[in-house]
Amino acid sequence: MRPIIITLDGYSSCGKSTLARQLANQLNYVFIDSGAMYRAITLYFLRQHIDWNNAARVKKALSGITLYFQYNPITGQSDMFLNDENTEALIRDMLVSEHVSEVAAIKEVREFAVAQQQKMGEKKGIVMDGRDIGTTVFPNAELKIFVTADPAIRVERRFKELYERNPNITIEEVKNNLEMRDYIDSNREFSPLRQAADAIVLDNSNLTREEQLAIALEWAKEKMI
Ligand code: DC
């Protein structure tokens with residue numbers, strides 16, 4: 001079977017990363033959560049008090065950032081490293097979530113992240129999830145999936161996930177954050193979130209994880225022949 005590139009795009013918290021990780025496990029492919037890269041850059045900008053409306057400051061700051069993923073044998077997943085620091089837990093915080101869409105909308109930030117993502121896919125055998133993976137990062141990917149889910153279900157899922165780490169979080173906060181991110185991600189000037197013309201839609205509102213994995217695996221296998 002030939003190695004292929006699989007892209008998963010869609011709105012915030014519709015289960016893209018979970019599905020992408022499972023697919024990669026089943027196929028023995030590399031899994032890349034591209035959102036983690038934008039989150040790590042945002043964390044760096046917040047910590048260093050970078051004025052991200054200033055393109056020159058942004059460029060200079062990016063030159064001080066090294067990003068890589070490293071396998072964590074305890075969780076069995078890849079953690080996001082920022083300048084040799086494991087930032088996996090920090091980048092999922094609400095503070096980063098509140099600013100990541102603004103940072104991800106910056107042209108220089110996108111160029112920086114996209115160049116690295118494209119390099120990761122040079123040998124194929126990769127599953128990457130994000131917002132512009134099928135449109136900008138890998139426009140020639142063999143399989144493009146556009147994942148959707150009912151907005152109320154997405155809020156519920158995200159709330160459950162965050163509540164485990166922060167019991168003070170409210171469902172309103174989560175809902176507002178998702179709506180704001182979806183709006184900014186879909187309306188930004190550079191590489192907005194769009195369904196690629198040749199993407200297949202997977203609505204997982206009423207599917208279990210096992211069911212959606214089975215569907216995606218079927219599609220992948222058809223493309224690998
Ligand atoms: O997938 P996520 O929710 O962790 O992504 C965090 C943010 O990063 C999201 O609000 C939009 C941005 N992002 C992006 O602009 N392009 C990508 N390929 C992935 C994420």
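Read the numbers this way: they start at 1 and go in the same order the structure lists the ligands and their atoms. Keep in mind it's a predicted model, so treat the numbers as computed, not measured.
At a heavy-atom distance under 4.0 Å, no atom of Arg158 approaches ligand 1. When non-hydrogen atoms are compared, ligand 1 lies under 4.0 Å from the side chain of Arg181 (C-beta onward) but not from its backbone. With a heavy-atom cut-off of 4.0 Å, Asp129 does not touch ligand 1 at all.
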side-chain hydrogen bond (donor to acceptor under 3.5 Å, both in side chains) evaluation trace for Asp84 with Tyr68: CA-CA 8 Å; Asp84 294 331; Tyr68 59 89; 2.6 Å; yes
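By the 4.0 Å N-to-carboxylate-O rule, Arg57 lies too far from Asp51 to be salt-bridged with it. Using a 4.0 Å cut-off between a side-chain N of Lys or Arg and a carboxylate O of Asp or Glu, Arg188 and Glu102 do not qualify as a salt bridge. The pair Arg110-Asp132 meets the salt-bridge criterion, with a side-chain N (NZ, NE, NH1 or NH2) lying under 4.0 Å from an Asp/Glu carboxylate O. Between Lys175 and Glu172 there is no salt bridge, since none of the side-chain N atoms of the basic residue sits less than 4.0 Å from a carboxylate O of the acidic one. For the pair Arg92 and Asp33, the salt-bridge criterion is met [side-chain N within less than 4.0 Å of a carboxylate O]. Using a 4.0 Å cut-off between a side-chain N of Lys or Arg and a carboxylate O of Asp or Glu, Arg154 and Asp182 qualify as a salt bridge.
Residues that satisfy the side chain to side chain contact (heavy atoms under 4.5 Å, CB included) test with Thr42, not counting sequence neighbours, are Leu46, Val96, His99, Val100, Val103.
From the protein, the heavy atom lying nearest to atom 19 (C) of ligand 1 is Ser34 OG, 3.3 Å. Of the protein's heavy atoms, Ala104 CB, 3.7 Å lies nearest to atom 12 (C) of ligand 1. Counting protein heavy atoms only, atom 1 (O) of ligand 1 is closest to Arg131 NH1, 3.0 Å. Among protein heavy atoms, atom 20 (C) of ligand 1 sits closest to Gly35 CA, 3.5 Å. Regarding atom 4 (O) of ligand 1, its nearest protein heavy-atom neighbour is Arg39 NE, 2.7 Å. Closest to atom 15 (O) of ligand 1, if we only count protein heavy atoms, is Arg188 NH1, 2.6 Å.
Close approach of ligand 1 to Ile133 (heavy-atom distance below 4.0 Å) involves ligand atoms 18 (N). For ligand 1, the atoms lying closer than 4.0 Å to a non-hydrogen atom of Asp185 are 9 (C), 10 (O), 11 (C). Within ligand 1, the atoms closer than 4.0 Å to a non-hydrogen atom of Gly130 are 17 (C), 18 (N), 19 (C), numbered from 1 in the order shown. Ligand-side atoms of ligand 1 in range of Ser101: 10 (O), range being under 4.0 angstrom from any heavy atom.
Of the listed residues (Met128, Lys16, Gln117, Arg110), the one carrying the non-hydrogen atom nearest atom 16 (N) of ligand 1 is Arg110.
Residue Glu222 places its CD atom among more than 12 non-hydrogen atoms of other residues, nucleotides or ligands, all under 6.0 Å distant.
Note: no N/O pair closer than 3.5 Å links Asp33 and ligand 1 by distance alone.
Relative ring orientation between Trp52 and Phe45 is described as parallel, the plane-to-plane angle staying below 30° on a 0-90° scale split at 30° and 60°.
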